[in-house]
Participant: 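Below you'll find the structure I mean.
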Amino acid sequence: PVPSFFSKMITHEEVSVSARAVVEVDAATAEQRRVCIIVLDPNMIGAINLYGARLTGRQCEVHVHSNNLLAILALPLGKLSATRVCVAGGVIGTLLLVIPVLDLNCTPVPDPFGGHIPLPEIPAPCANDSGATLDPGRYCNGINGDKTLNPGAYIVDGGSVGNGTITGDGVTIILRNEALLRMSGNDKLDITAPTSGPYKGVAIFEDDTRKGTTASLVGNADLVVEGAIYLPKSKLTFSGNSSGGINSPWTLIVVRELDFNGRPEIAVTADYGSGSVPPPEALRTTFTFLE
């Protein structure tokens with residue numbers, strides 16, 4: 001009940017005002033709904049920029065938060081294939097030829113991590129990356145060269161990750177300050193995320209206190225990640241003949257923007273059941289606004 005104002009000319013009684021909202025929570029549906037790419041920029045032209053590239057979401061959905069009329073650019077001859085593409089704005093290009101379901105002006109799934117993944121305790125000393133096998137810790141000059149990473153969290157507090165073949169199971173790479181994911185030539189990053197603990201299902205993420213950067217894969221660089229890549233402030237760029245996610249049971253890419261140059265062919269899969277890594281808890285429950 002609220003006191004009447006203009007309605008006092010008709011009645012002196014209080015007026016009842018009400019509102020109703022209904023949200024459905026369905027964990028079972030979430031197991032069937034598979035999302036492989038979420039692009040978060042809210043109003044950018046070309047939040048996904050497919051410049052002659054081919055992006056394939058194998059049996060999974062692509063969600064774009066930009067409400068711009070040109071949120072997805074597919075010129076010239078860019079192709080995006082997925083079971084469903086949900087974009088808050090619009091597209092330009094030939095996407096209608098290869099997408100079974102293209103939803104324009106729809107509501108994309110929200111950021112599954114809400115803009116924040118907590119950091120572990122930051123070790124004061126910097127670890128040395130000179131060996132062929134590395135242990136979890138803080139690496140101030142990046143992680144470069146041919147390396148095998150033992151299970152755990154690797155805080156990259158400067159420098160870059162790349163310049164060789166980097167492999168590891170049960171690994172989370174955390175980018176802080178000016179650290180970059182930068183791979184070129186025949187570089188390869190082949191890691192699986194932890195199967196338990198605070199970073200279950202998260203393979204790469206950036207500290208939410210830093211400014212956005214550009215993560216890049218150039219030439220024949222190969223990104224094979226089973227787990228989530230979470231760069232909510234940064235752009236992920238594929239160029240040349242680079243590829244990503246092709247041999248992984250599932251990869252979730254959540255970035256601010258996604259850019260392609262040259263003719264890379266990128267395939268991302270969301271087959272949670274065939275891998276060893278469970279999806280992050282944030283993906284396991286679906287909240288649907290009904291009314």
Participant: Applying salt bridge (Lys or Arg N to Asp or Glu O under 4.0 Å), which residue pairs with at least one partner in residues 224-240 are found, sequence neighbours left out?
Facilitator: none

Participant: Of L104, V85, I92, which is the lone residue that meets side chain to side chain contact (heavy atoms under 4.5 Å, CB included) with I72?
Facilitator: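 The side chain to side chain contact (heavy atoms under 4.5 Å, CB included) with I72 is passed solely by V85 among L104, V85, I92.
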
Participant: With a 4.5 Å limit on heavy-atom distance, are the side chains of P112 and V254 in contact?
Facilitator: yes

Participant: Do the non-hydrogen side-chain atoms of L80 and V91 ever get within less than 4.5 Å of each other?
Facilitator: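 Answer no - side chains too far apart.
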
Participant: Could you measure the distance from the CG atom of L236 to the OG1 atom of T213? Nearest 0.5 Å is fine.
Facilitator: 10.0 Å

Participant: Testing the 3.5 Å rule here: is there a donor-acceptor pair between the side chains of S130 and N128?
Facilitator: yes

Participant: Pick from C86, P108, P42: which one makes a side chain to side chain contact (heavy atoms under 4.5 Å, CB included) with H65?
Facilitator: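 Among the candidates, only P108 passes.
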
Participant: Can you measure from CD1 (I166) to NZ (K147) and round to the nearest 0.5 angstrom?
Facilitator: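 It comes to 8.5 Å.
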
Participant: With Y230, which of I38, D111, L175 fulfils side chain to side chain contact (heavy atoms under 4.5 Å, CB included)?
Facilitator: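 Only one of I38, D111, L175 forms a side chain to side chain contact (heavy atoms under 4.5 Å, CB included) with Y230, namely D111.
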
Participant: Does a donor on one side chain and an acceptor on the other come within less than 3.5 Å for D41 and S66?
Facilitator: no

Participant: Any chance you could lay out the ring pair (Phe, Tyr, Trp, His ring centres under 6.0 Å) test for F260 and F238, step after step, and finish with the verdict?
Facilitator: CA-CA 5 Å; F260 297 84; F238 294 90; 5.6 Å; yes

Participant: Does some side-chain heavy atom of R210 sit less than 4.5 Å from a side-chain heavy atom of E178?
Facilitator: no

Participant: How about F205 and Y199: are their ring centroids closer than 6.0 Å?
Facilitator: yes

Participant: Could you list the donor-acceptor pairs under 3.5 angstrom formed by side chains in residues 152-164, with sequence neighbours left out?
Facilitator:
{"from": "Y154", "atom 1": "OH", "to": "L134", "atom 2": "O", "distance (Å)": "2.8"}
{"from": "Y154", "atom 1": "OH", "to": "N150", "atom 2": "N", "distance (Å)": "2.8"}
{"from": "Y154", "atom 1": "OH", "to": "N150", "atom 2": "O", "distance (Å)": "2.6"}
{"from": "D157", "atom 1": "OD1", "to": "N177", "atom 2": "ND2", "distance (Å)": "2.5"}
{"from": "D157", "atom 1": "OD2", "to": "R138", "atom 2": "NE", "distance (Å)": "2.9"}
{"from": "D157", "atom 1": "OD2", "to": "R138", "atom 2": "NH2", "distance (Å)": "3.2"}
{"from": "D157", "atom 1": "OD2", "to": "R176", "atom 2": "NH1", "distance (Å)": "2.9"}
{"from": "S160", "atom 1": "OG", "to": "N144", "atom 2": "OD1", "distance (Å)": "3.4"}
{"from": "N163", "atom 1": "ND2", "to": "N144", "atom 2": "OD1", "distance (Å)": "2.7"}

